[in-house]
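One structure below.
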Amino acid sequence: MFGKKVYRYIVDGLTDSKAVLLRKSLSIVSSIRSVAVDVGRGTVEAEATRDVEQDVRVACDVAGVKFRTRLRR
């Protein structure tokens, strides 16, 4: 309930420079503990205390990439 969980999202249009900006944008969200962006697969993994989909959507707008969906595994 209060532990950390990994949330995964698919984004389109990632490049190395956009991934750096996306990671930096998500680093200021207090509920996110760590962020991993995989440019080749077009994914963002966030270890967080809650679902941060809205924060990822905003960060995608800032970075200039398109948010596609959340992966549910």
Worksheet item: According to the ring-ring contact (aromatic ring centres under 6.0 Å, His included) rule, which pairs have a member within residues 25-66, sequence neighbours left out?
Response: none
Item to complete: Give me the one residue out of D55, V62, V56, D61 that meets side-chain contact (heavy atoms from CB on, under 4.5 Å) with S25.
Response: V62
Worksheet item: Just how far is it from atom SG of C60 to atom CG of L14, taken to the nearest 0.5 Å?
Response: 7.5 Å
Worksheet item: Could you go step by step and tell me if L26 and V44 meet the side chain to side chain contact (heavy atoms under 4.5 Å, CB included) rule?
Response: CA-CA 10 Å; L26 290 172; V44 176; 4.0 Å; yes
Worksheet item: Atom CZ in R57, atom NZ in K66: separation rounded to 0.5 Å?
Response: 8.5 Å
Item to complete: Drop me the distance from R33's CZ to E47's CD, to the nearest 0.5 angstrom.
Response: 9.0 Å
Discussion item. Can you tell me how far apart CZ (R70) and OH (Y7) are? Round to the nearest 0.5 Å.
Written reply: 6.0 Å
Worksheet item: Which heavy atom in A19 sits nearest to a heavy atom in V39, and how many Å separate them?
Response: CB-CG2, 3.7 Å
Worksheet entry | Heavy-atom pair of closest approach, residues G13 and V65 | O-CG1, 3.4 Å
Worksheet, complete the sentence: Rounded to the nearest 0.5 Å, the OH atom of Y9 sits from the OG1 atom of T69 at a distance of 10.0 Å
Worksheet item: Which heavy-atom pair separates S31 from R50 by the least distance, and what is that distance?
Response: OG-NE, 3.3 Å
Fill in: Contacts of R41 that satisfy side chain to side chain donor-acceptor pair (under 3.5 Å) - sequence neighbours left out
D38
Fill in: In one Ile/Leu/Val/Met/Phe/Trp/Tyr side-chain cluster, 4.5 Å: V29, F67
yes
Worksheet item: V20: what forms a side-chain contact (heavy atoms from CB on, under 4.5 Å) with it, not counting sequence neighbours?
Response: R23
